[in-house]
Number of protein chains: 2
Amino acid sequence: MDTALSKALVVFSERGYHGASLAELRAAMKLATGSLYKAFADKRAIFLATLDHYIARRDRQLRERVDAQHSGRDKLEALLQFYAESASDSEGRRGCLVVTSATELATLDAEAAAKVRAALRRVETLLRDLIRLGQADGSIRAELDAEIVAGALFCVIQGLRVVGKTGRAKREMTSVAKQAAALFA
Amino acid sequence: MDTALSKALVVFSERGYHGASLAELRAAMKLATGSLYKAFADKRAIFLATLDHYIARRDRQLRERVDAQHSGRDKLEALLQFYAESASDSEGRRGCLVVTSATELATLDAEAAAKVRAALRRVETLLRDLIRLGQADGSIRAELDAEIVAGALFCVIQGLRVVGKTGRAKREMTSVAKQAAALFA
DNA sequence: CCTTTTAGGAAACATTCGTTTCCAAATCAA
DNA sequence: TTGATTTGGAAACGAATGTTTCCTAAAAGG
């Protein structure tokens, strides 16, 4: 099932909810119509399951990356690198389901919209907390406004995913991520 | 006609190409079916006309903002403020047609995709040129890598538009824009 | 090996959407 | 005022899409 949702993720990330047809989803998930509707009530249910699966996986991967570092600053840099890599090459071109869904926010129902907003909020909150951690452990200047710097970094991250859609190399995205560190230099 | 395209812009920006139906476009543009198909060959033609109209208007507005300043640094700050304002409040929630289209890039035809890419490239090129201008007139440090800083600022801008979709106040977005100036401080 | 269960997948159906057709109403120009 | 032109907008049509139904084939279990 996780495999099928991973395949559905590619279709939804590339094409958005409305641009993804049941035919494309079926083909990618390698499931017949009967099986698909056995497992999911409808297209919206597939989308919500895919979104949940994606958010959970990304949160886990991000936590692992961040937890591998010690200081607030190192954690932040690891986080930026994590997003730079995700936004590069073919993975970058596929895009991020949360960002894609954010641009379609007006067309999603309340449940889906709430999930997207919550996912975005968690990342921004994590950024702010990491900045504060860095300020507490001395790796980041205490005079920075954690809220505003987090907001700026958050925009960099979302921007990486949008720009990544047009196809960018890892080296370039990594440079951008490193440059973004100037926001908390 | 410009008025009708402005109305179509709202629908396409909020909902994306696939999420926008002919019924919604007709209602927003206040045109009957007969008139709509008299003016445009099909939905795709409406979209392309809307995109052209939007890109031209935004380029013009941006040029005006930037040309009102003198130093490279002031021009960059004006540019960032321009985007911060666009990404705020109800206009921000509506979104940017270019960013929305960038996330749907995989589903657009070659002509539309080329227009989106060109629009994005122009902004990034302008950023780089303004950084170099600032480095030449002494308002921006000469040792900065214009290419990389432009890339980072470009991500901030795209990120502002994505985040703006979730509804953010002008004050907050202005703070982020001002913070982003640290990238060329 | 046989029975039960599950999945494949085509066909049918319903709905939505985009486009075309057509005619009445409104507007414009002489 | 009349004739010509344009627009409104409903209906019809074709296509695409999402969902349901149904039956065969494959897989699983006893």
Side-chain angles (χ1 to χ4, degrees), chain A residues 1-54 97 100-101 103-113 115, chain B residues 1-54 95 97 100-101 103-113 115-116:
Chain A
M1 184 57 77
D2 269 15
T3 306
L5 287 180
S6 294
K7 299 303 176 64
L9 174 64
V10 171
V11 178
F12 279 127
S13 296
E14 284 184 349
R15 312 183 64 89
Y17 180 83
H18 301 284
S21 69
L22 257 293
E24 286 158 338
L25 287 164
R26 283 203 317 269
M29 295 167 88
K30 289 192 179 353
L31 285 172
T33 303
S35 307
L36 197 67
Y37 280 92
K38 183 94 182 288
F40 303 96
D42 51 22
K43 184 184 179 187
R44 174 179 171 275
I46 302 171
F47 177 74
L48 289 177
T50 305
L51 190 59
D52 285 342
H53 173 258
Y54 177 67
L97 184 53
T100 293
S101 299
T103 64
E104 297 191 296
L105 210 51
T107 67
L108 301 179
D109 66 22
E111 185 178 350
K115 287 178 190 290
Chain B
M1 180 58 76
D2 268 15
T3 305
L5 287 180
S6 294
K7 299 302 176 62
L9 174 64
V10 171
V11 178
F12 278 128
S13 297
E14 283 184 350
R15 310 182 67 89
Y17 181 83
H18 300 284
S21 70
L22 257 292
E24 284 157 341
L25 287 164
R26 284 203 317 270
M29 294 166 88
K30 288 195 181 350
L31 286 170
T33 304
S35 308
L36 197 67
Y37 281 93
K38 183 92 182 290
F40 303 97
D42 50 22
K43 184 185 180 185
R44 175 178 170 275
I46 302 171
F47 178 73
L48 289 177
T50 306
L51 190 60
D52 284 343
H53 173 258
Y54 177 66
L97 184 53
T100 293
S101 300
T103 64
E104 296 192 296
L105 211 50
T107 67
L108 302 179
D109 66 23
E111 183 177 353
K115 287 178 191 290
V116 170

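Basis for what follows: all heavy atoms, side chains included, without hydrogens, waters or symmetry-related copies. Chain naming here is simple, since letters A, B, ... match the order of the sequence lines and numbering starts at 1 in each.
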| query | What do the steps show when you test B/Ser35 against B/Arg26 for side chain to side chain contact (heavy atoms under 4.5 Å, CB included), and what is the final call? | reply | CA-CA 9 Å; B/Ser35 308; B/Arg26 284 203 317 270; over 6 Å; no

| message | Mind checking if B/Ser21 touches a base, just sugar-phosphate, or nothing, with heavy atoms under 4.0 Å? | response |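 Since only primed, P, OP1 and OP2 atoms lie under 4.0 Å of B/Ser21, the category is sugar-phosphate.
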
| task | Mind checking B/Ala20 for me? I need base, sugar-phosphate or nothing, with any heavy atom below 4.0 Å counting as a touch. | result |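 Here B/Ala20 touches the backbone only, sparing every base.
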
| Residues B/Ser21 and B/Glu24: side-chain donor-acceptor under 3.5 angstrom |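 Their side chains do contain a donor-acceptor pair, which is all the 3.5 Å distance test asks for.
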
| Boundaries of the chain A footprint along DNA chain D (any atom under 4.0 Å from a heavy atom) |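 Reading along DNA chain D, I get D/dG18 to D/dT20.
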
| task | Mind listing the closest non-hydrogen atom pair of A/Leu108 and A/Ala113 along with its distance? | result |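 Where A/Leu108 meets A/Ala113 most closely, the heavy atoms are CB-N, 4.3 Å.
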
| What is the bend of the helix from C/dC1-D/dG30 to C/dA30-D/dT1 when you compare the axis at one end with the axis at the other, using five pairs each and rounding to 10°? |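 Axis-to-axis angle, ends of the helix: 20°.
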
| said: I'd like to know if the side chain of A/Thr100 reaches the main chain of A/Ser13, judged simply by a donor and an acceptor atom lying under 3.5 Å from each other, with no hydrogens or angles considered. | reply: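 Confirmed, A/Thr100 side chain pairs with A/Ser13 backbone.
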
| task | Report the distance from atom NZ of B/Lys38 to atom P of C/dT19, rounded to the nearest whole Å. | result |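 Between P of C/dT19 and NZ of B/Lys38: 18 Å.
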
| query | Within this structure, what is the CD-to-C1' distance between B/Glu24 and C/dT16, rounded to whole angstrom? | reply |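 Answer to the nearest Å: 12 Å.
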
| request: Could you check A/Phe40, A/Phe12, A/Tyr17 and say which one makes a side-chain contact (heavy atoms from CB on, under 4.5 Å) with A/Thr50? | output: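 The passing option is A/Phe12.
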
| message | Does C/dT20 have its OP1 or OP2 closer than 4.0 Å to a side-chain nitrogen or oxygen of B/Tyr37? | response |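 Indeed not, no polar side-chain atom of B/Tyr37 lies that close.
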
| So which of residues 41-50 of chain B are in contact with DNA chain C, with a heavy-atom cut-off of under 4.0 Å? |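 Close to the strand are B/Asp42, B/Lys43.
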
